[in-house]
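Before any comments, here is the structure.
Whatever order the structure lists them in is the order used to number ligands and atoms, beginning at 1. For reference, positions follow the sequence shown, starting with 1.
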Amino acid sequence: MFDNKNNISGELPEHIDFIHNKAIPKFREWGYDVQILRSEKDYLDLFYHVVTRSKKPERNGKYAGFLLAGMCAANSQLKIPPIKNFLKTVKKPFIQYIGIATDEQKRLKKLEGTNKISLLQRYGYTEKMAYDLCKKYDLLSPIYKFAKRGGCWFCPNCSYKEFARLKKCHTELWNKLMLLSNEQNIISSCFKYNKTFLQIDKKVDEINSQLSF
Ligand code: SF4
């Protein structure tokens, strides 16, 4: 979640709507129990986390600020802990099924020696085949009309074009990032790798002046 208090998801609005109103009802119709796991913390907690134990003294007492690409705290602090906590409540042996396609060898390697299994790998499904299968069952997220990948709308790995669309189509979300970028007491003003939010915003405006979505 971006903001638990105001019920703002970290997923793009089109995707979270698809999850709640299309995917989950269909899975339930097929007889599966579906639960969404959530962290009590959200993106804003991470942004406003006050750093106290940095080896660089000038950082202590400041807010952590935007997520760092390649060291994403949202993954380690918001996504993984709820899954781990949930699994602790399962009292019998279990298998985790993970959605990694057979042509994602690097990611598959990480499953070796764990109790995680990729059904896509077992049945020889590539990413393209998985895409086509979802399409066949009308289970393709609408985000694939305009993006190659899913993920948080505030992710530092989003392309400039994805951010340009976010600003154009979900200006209210972009404005929330803009407000955060005005915060003074943050460790780093970088939003996407070594670029500040204002630099990205400028680039996004250039793209939007040339493109129509
Ligand atoms: S999509 Fe991006 S921001 Fe979200 S958890 Fe993954 S790396 Fe972090």
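Salt-bridge annotation for D138 and K22: present, with a side-chain N of the basic residue lying under 4.0 Å from a carboxylate O of the acidic one. Residues R149 and E127 are not paired through a salt bridge, judged by the lack of any N-O separation under 4.0 Å between the basic side chain and the carboxylate. A salt bridge links K128 with D132; the closest basic N to acidic carboxylate O contact falls under 4.0 Å.
A donor-acceptor pair shorter than 3.5 Å can be found between the side chains of E162 and S159.
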Q: Start with the C-alpha distance between K109 and E112, add both sets of side-chain angles, then the distance that settles salt bridge (Lys or Arg N to Asp or Glu O under 4.0 Å), and finish with yes or no.
A: CA-CA 6 Å; K109 267 239 160 294; E112 287 173 10; 3.3 Å; yes
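Listed by first and then second residue, the side-chain hydrogen bond (donor to acceptor under 3.5 Å, both in side chains) pairs involving residues 180-197 are Y48-E183, N157-Y193, T196-Q199 (not counting sequence neighbours).
Nearest protein heavy-atom contact of atom 6 (Fe) of ligand 1 is K79 NZ, 3.8 Å.
Inside a sphere of radius 2.8 Å centred on atom 2 (Fe) of ligand 1, the protein N/O/S atoms present are C155 SG.
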